[in-house]
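Keep in mind that this is a model prediction, so the values were computed, not measured.
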Amino acid sequence: MVRIRRRKLLASCLCVTATVFLLVTLQVVVELGKFEGKKFKNSNLKDGHAQMEEEPMRLHPFLKREGLTLNRKKTLAADSYPIMLWWSPLTGENGRLGQCGADTCFFTINRTYLHHHRTKAFLFYGTDFNIDSLPLPRKAHHDWALFHEESPKNNYKLFHQPVITLFNYTATFSRHSHLPLTTQYLEGTEVLKSLRYLVPLQSKNNLRKSLAPLVYVQSDCDPPSDRDSYVRELMTYIEVDSYGECLRNKALPQQLNGPASMDTGDFYRILAQYKFILAFENAVCDDYITEKFWRPLKLGVVPVYYGSPSIADWLPSNRSAILVSEFSHPRELASYIRQLDHDDRLYQAYIEWKLKGEISNQRLLTALRERKWGVQDIKQDNYIDAFECMVCTKVWDNIRLQEKGLPLKRWKADITHLSCPEPTAFAFSPLAPRRSSLREMWIPSFQQSKKEAQALRWLVDRNQNFSTQEFWALVFKD
């Protein structure tokens, strides 16, 4: 009996001890939990990313609660302001309130807002505009807006009347667009007047002992403009240093190989040594003007330009570029360049505007002064912000008209907002190299895009979703 009582007493003591130990342990855990909670709050203010890795179990519930809060804020914003839905996920933003002067809009790429009652406009990036998914059926109050600063080779369908007129608002390289992007590659007048990279004419004459009069740098070969065919023919009449992948006969320093080097001072200094730069666009469209034209002007080199037929409207001065379109054959162009190369007085006339810092073209000056966006200027909106705000403001204009019981204003793009003629190919002599498969592709591609534009318009006008099979069946219908 005594032994049994001792065992019971020992068991009781062990139970009490275990209970006390558990209580103490529990208290320690609680206190540690409080401490870690304070530690997390403090560290979250200083270095939340580090704490995410150390405290995943504690942080995840916090993120969910915060996520709910953010979602609630977005929901409230979407219920209070017009929704601008980027159908092409260009900005990557799931939800953002944008202030456009006195107007506020909610911008998002979240397609769940497709049927939201406050969704007013769909924003498309031209290169990503395709027939696989469109916001159909299109309601009467749904505006479509197109942002497309690129060459037609990126999406030929857009360059035909049936498709471009689907859009209410446009931001394209055309001066006729609602938000013209014609000067998208030009920072301002100061870079044109700048003498930072200018090499004196006498130095250029000395450099001619080792350099050709002309330089060509292109790595996008055989585009719709067929520029390589022209340059290849030109090379038979005058020396051209070609550094790019296309018609290359000269190598850049190793550190300058690659697209990223095209906007570096070292690359500019190489080009600035030349007298003439072949500035040939990849497509021939009114107002489609890229850095190929502006770069020589910045560097104090005379551009030999082929591209926009309306380029004369954008020259800094009447005599600041040589226009290929004014010569009937590369042979004539080569002869004229040789003449300028040997006559300093004639050559100097093409850079006199830069030396004096005088830009006489009022159209160019007005366009730069009045555009609502900047290029590489942190003090101004970029052109995507300006595009968003243009659409936001026009939507608000109609909201205010509707509140007053007045007729709404309907905006619509027309063919002048984005238009290019059918590509053509140069054929200078029977000795010219046989066309590459890429060169042969552009004209049929353009013609095919006409059929695609007509088919797309017919299907969209039905105002219901359609399959890719329906689309292609219509395109290839006899």
For the side chain of His417 and the backbone of His176, is there at least one donor-acceptor N/O pair under 3.5 Å apart?
-> yes
Do Ser310 and Asp287 have a side chain donor and acceptor closer than 3.5 Å?
-> yes
Note, Tyr288 side chain near Thr182 side chain (heavy atom, < 4.5 Å) = no
Could you tell me which residues satisfy side chain to side chain contact (heavy atoms under 4.5 Å, CB included) with Asn206, sequence neighbours excluded, listed by chain and number?
-> Gln202
Hey, what do you get for CD (Glu150) to CZ (Phe173), rounding to the nearest 0.5 Å?
-> 10.0 Å
Check: Ser88 main-chain N/O paired with Asp128 side-chain donor or acceptor under 3.5 Å = no
Output all residues satisfying side chain to side chain contact (heavy atoms under 4.5 Å, CB included) with Leu346, sequence neighbours left out; order by chain, then residue number.
-> Gln339, Leu340, Asp343
So which pairs with a foot in residues 306-342 pass disulfide bond (SG atoms under 2.5 Å apart), sequence neighbours left out?
-> none
Taking the six-membered ring for Trp, are the ring centroids of Phe124 and Trp144 within less than 6.0 Å of each other?
-> yes
Full working for side chain to side chain donor-acceptor pair (under 3.5 Å) between Ser151 and Asn282 | CA-CA 7 Å; Ser151 158; Asn282 66 25; 3.0 Å; yes
For the residue pair Phe471 and Trp458, establish whether any side-chain heavy-atom pair is separated by less than 4.5 Å.
-> no
Should the SG-SG distance of Cys392 and Cys100 be recorded as below 2.5 Å?
-> no
Here the salt bridge (charged side-chain N to carboxylate O under 4.0 Å, His left out) pairs for residues 372-392, sequence neighbours left out, are Arg96-Glu388
Listed once per pair and sorted, the disulfide bond (SG atoms under 2.5 Å apart) pairs that draw on residues 261-309, sequence neighbours left out | Cys285-Cys420
For the residue pair Ser317 and Ser360, confirm or rule out a side-chain donor-acceptor distance under 3.5 Å.
-> no
Leu181 backbone acceptor or donor facing Ser177 side chain under 3.5 Å | no
Carboxylate-amine/guanidinium contact Asp397 Lys394, below 4.0 Å = no
For residues Glu352 and Tyr347, is any side-chain donor paired with an opposing acceptor at under 3.5 Å?
-> no
Hey, could you give me each pair passing disulfide bond (SG atoms under 2.5 Å apart) that has a residue in residues 298-379? Not counting sequence neighbours.
-> none
Establish, yes or no, whether a centroid distance under 6.0 Å links the rings of Phe446 and His160.
-> yes
Heavy-atom donor-acceptor pair, Lys275 side chain to Asp341 backbone, under 3.5 Å | yes
Output the distance between atom CG (Leu158) and atom CG (Leu418), rounded to the nearest 0.5 Å.
-> 6.0 Å
Go through the side-chain N and O atoms of Thr108 and Asn110 and say whether any donor and acceptor fall under 3.5 Å apart.
-> no
Check ring pair (Phe, Tyr, Trp, His ring centres under 6.0 Å) between Tyr350 and all other residues, then give those that pass, not counting sequence neighbours.
-> none
Under a 4.5 Å cut-off applied to non-hydrogen side-chain atoms, are Ile337 and Leu214 in contact?
-> yes
Determine which pairs satisfy ring pair (Phe, Tyr, Trp, His ring centres under 6.0 Å) with at least one residue from residues 199-219, sequence neighbours left out, and list them in order.
-> none
Have Thr290 and Arg295 got a donor and an acceptor in their side chains that come within less than 3.5 Å?
-> no
With the threshold set at 4.0 Å, does a side-chain nitrogen-carboxylate oxygen contact exist between Asp143 and Lys120?
-> no
Distance-minimising heavy-atom pair for Val199 and Ala272 | CG2-O, 3.5 Å
Whether Asp241 side chain and Val215 backbone form a donor-acceptor pair below 3.5 Å = no
Counting only heavy atoms not in Gln254, do more than 12 sit closer than 6.0 Å to its CD atom?
-> no
Distance from Leu406 atom CG to Lys409 atom NZ, nearest 0.5 Å?
-> 13.0 Å
Distance-only polar pair, side chains of Tyr305 and Glu281, donor-acceptor under 3.5 Å = yes
Mark yes or no for whether Ser225, through its side chain, and Val284, through its backbone, hold a donor-acceptor pair below 3.5 Å.
-> no
Look only at the side chain of Thr170 and the backbone of Thr172, and say whether a donor-acceptor pair between them is shorter than 3.5 Å.
-> no
Answer with yes or no after comparing the ring centroid distance for Phe387 and Tyr169 against a 6.0 Å cut-off, counting only values under it.
-> no
Looking only at non-hydrogen atoms, find the nearest pair between Ser308 and Ile289 and report the distance.
-> CB-CG1, 4.0 Å
Would a 4.5 Å heavy-atom cut-off, applied to side chains only, mark Thr127 and Asn155 as touching?
-> no
Strictly under 6.0 Å, is that where the ring centroids of Tyr185 and Phe293 end up?
-> no
Are Phe426 and Tyr306 near enough that their ring centres are under 6.0 Å apart?
-> yes
Can you name the nearest heavy-atom pair linking Glu245 to Cys221, along with the distance?
-> C-SG, 4.0 Å
Would you call Asp226 and Pro423 a side-chain contact if the rule is heavy atoms closer than 4.5 Å?
-> no
Please confirm whether the backbone N or O of Pro224 pairs with a side-chain atom of Lys153, one donor and one acceptor, at under 3.5 Å?
-> no
What side-chain donor-acceptor pairs closer than 3.5 Å can you find for residues 323-331, not counting sequence neighbours?
{"from": "Ser328", "atom 1": "OG", "to": "Glu332", "atom 2": "OE1", "distance (Å)": "3.1"}
{"from": "Ser328", "atom 1": "OG", "to": "Glu332", "atom 2": "OE2", "distance (Å)": "2.6"}
{"from": "His329", "atom 1": "ND1", "to": "Arg331", "atom 2": "N", "distance (Å)": "2.9"}

Is there side-chain contact between Trp314 and Arg175, with at least one heavy-atom pair below 4.5 Å?
-> yes
Determine whether more than 12 heavy atoms belonging to other residues, nucleotides or ligands lie under 6.0 Å from atom CG of Asn318.
-> no
Side-chain H-bond candidate by donor/acceptor type, Thr119 with His142, under 3.5 Å | no
Quick one: OG on Ser174 to CG on Asp286, what's the gap to the nearest 0.5 Å?
-> 7.5 Å
Hey, are Asp344 and Lys204 close enough for a salt bridge, meaning a charged N less than 4.0 Å from a carboxylate O?
-> no
What distance separates Gln184 CD from Arg371 CZ, expressed to the nearest 0.5 Å?
-> 10.0 Å
Identify, with sequence neighbours excluded, every residue that meets side chain to side chain contact (heavy atoms under 4.5 Å, CB included) alongside Leu114.
-> Trp87, Phe122, Pro135
Please indicate whether Arg111 has more than 12 foreign heavy atoms, meaning atoms of other residues, nucleotides or ligands, lying under 6.0 Å from its CZ.
-> yes
List the atom pairs, with distances to 0.1 Å, where a side-chain N or O of residues 187-197 and a protein N or O form a donor-acceptor pair under 3.5 Å, not counting sequence neighbours.
{"from": "Glu187", "atom 1": "OE1", "to": "Lys298", "atom 2": "NZ", "distance (Å)": "2.9"}
{"from": "Glu187", "atom 1": "OE2", "to": "Lys298", "atom 2": "NZ", "distance (Å)": "3.2"}
{"from": "Ser194", "atom 1": "OG", "to": "Arg196", "atom 2": "N", "distance (Å)": "3.1"}

Side chain to side chain contact (heavy atoms under 4.5 Å, CB included) against Leu252, all qualifying residues, sequence neighbours excluded | Tyr243, Leu256, Asn257, Met262, Phe267, Ile270
Tell me, do Leu166 and Leu146 make a side-chain contact under 4.5 Å, heavy atoms counted?
-> no
